[in-house]
Amino acid sequence: MVRTTGNDPGEQRVIDDVQRHGWHLVGIPDDPEGPAFVYSIGMFHTLGHPEIIMLGLNSTAAMAQIINSVGEAVHNGARFDDWHESDQVLDGYSCMFRAVPPDVYPEYLGYAMWFYRPDDFPVLQCVWPDAQHNYPWHPDC
């Protein structure tokens, strides 16, 4: 069920976006504590699909565009799971989806935890390869 909120405009925007569009995106710019990242809220609620997070690109706008592409693909019937490699998201590259362990949710997914409380929700990280198409865990990356 979509939450209701008091007078917090940020919370209300999340709720409104999920109701209107199916999900909301939260973008965090890079800072001394870590790289930029963007994540979805509402894909699990609306589409029954894990939320998506991306980290590391310098542009939160580019990551948001990629996550929106994932959301549209899911809306059109695609499903992504842990260790799923897909060429449906990035032009000219495949990307890999990896399950995010719940113990890191508090560090990265605050608004999503608020939205889903007290329920559990799954999250997949969308990981892109380097220019040689190697993922970060590949020795040649």
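Any value given below was found using the heavy atoms of this structure, including those in side chains, with hydrogens, waters and symmetry copies removed.
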Quiz item: Got a donor-acceptor contact below 3.5 angstrom from the His21 side chain to the Trp23 backbone?
Solution: no
Can you check whether [X] reaches [Y] side chain to side chain, under 4.5 Å on heavy atoms?
X	Y	value
Met96	Trp128	no
Met113	Pro106	yes
Ile53	Val100	yes
Glu11	Trp114	yes
Val127	Cys95	no
Glu51	Leu124	no

Quiz item: What class does the angle between the rings of Tyr135 and Trp137 fall in, given that below 30° is parallel, 30 to 60° is tilted and above 60° is perpendicular?
Solution: parallel
Exercise. Hey, can you tell me if His84 and Phe97 have their rings parallel, tilted or perpendicular (30° and 60° cut-offs)?
Key: perpendicular
Taking all non-hydrogen atoms of both residues into account, name the closest pair between [X] and [Y] and its distance.
X	Y	value
Ile41	Val26	CD1-CG2, 3.7 Å
Thr46	Gly22	OG1-O, 2.8 Å
Ile66	Val89	CG2-CG1, 3.4 Å
Ser86	Phe80	OG-CE2, 3.4 Å
Asp130	Cys141	OD2-CA, 3.3 Å
Tyr39	Gly110	OH-N, 3.6 Å

Count the heavy atoms belonging to other residues, nucleotides or ligands that lie under 6.0 Å from [atom1] of [X], then report whether that count exceeds 12.
X	atom1	value
Arg13	CZ	no
Asp140	CG	yes
Gln65	CD	no

Indicate, with yes or no, if [Y] and [X] share a hydrophobic cluster defined by side-chain heavy-atom contacts under 4.5 Å among Ile, Leu, Val, Met, Phe, Trp and Tyr.
X	Y	value
Met54	Val123	no
Val104	Val38	no
Tyr108	Leu25	no
Val14	Phe44	yes

Quiz item: What residue pairs, at least two apart or across chains, pass side chain to side chain donor-acceptor pair (under 3.5 Å) with a residue in residues 92-105?
Solution: Asp82-Arg98
Hey, what do you get for [atom1] ([X]) to [atom2] ([Y]), rounding to the nearest 0.5 Å?
X	Y	atom1	atom2	value
Ile67	Thr60	CD1	OG1	10.0 Å
Asn68	His75	CG	NE2	12.5 Å
Ile28	Phe37	CD1	CZ	4.5 Å
His49	Ser40	NE2	OG	9.0 Å
His24	Tyr111	NE2	OH	7.5 Å
Asn58	Met63	CG	CE	8.0 Å

Quiz item: Between Tyr116 and Phe121, does the ring centre distance come in under 6.0 Å?
Solution: yes
Practice problem: For the pair Gln12 and Asp16, evaluate side-chain hydrogen bond (donor to acceptor under 3.5 Å, both in side chains) and give the outcome as yes or no after the intermediate values. | Solution: CA-CA 6 Å; Gln12 191 60 51; Asp16 292 345; 2.8 Å; yes
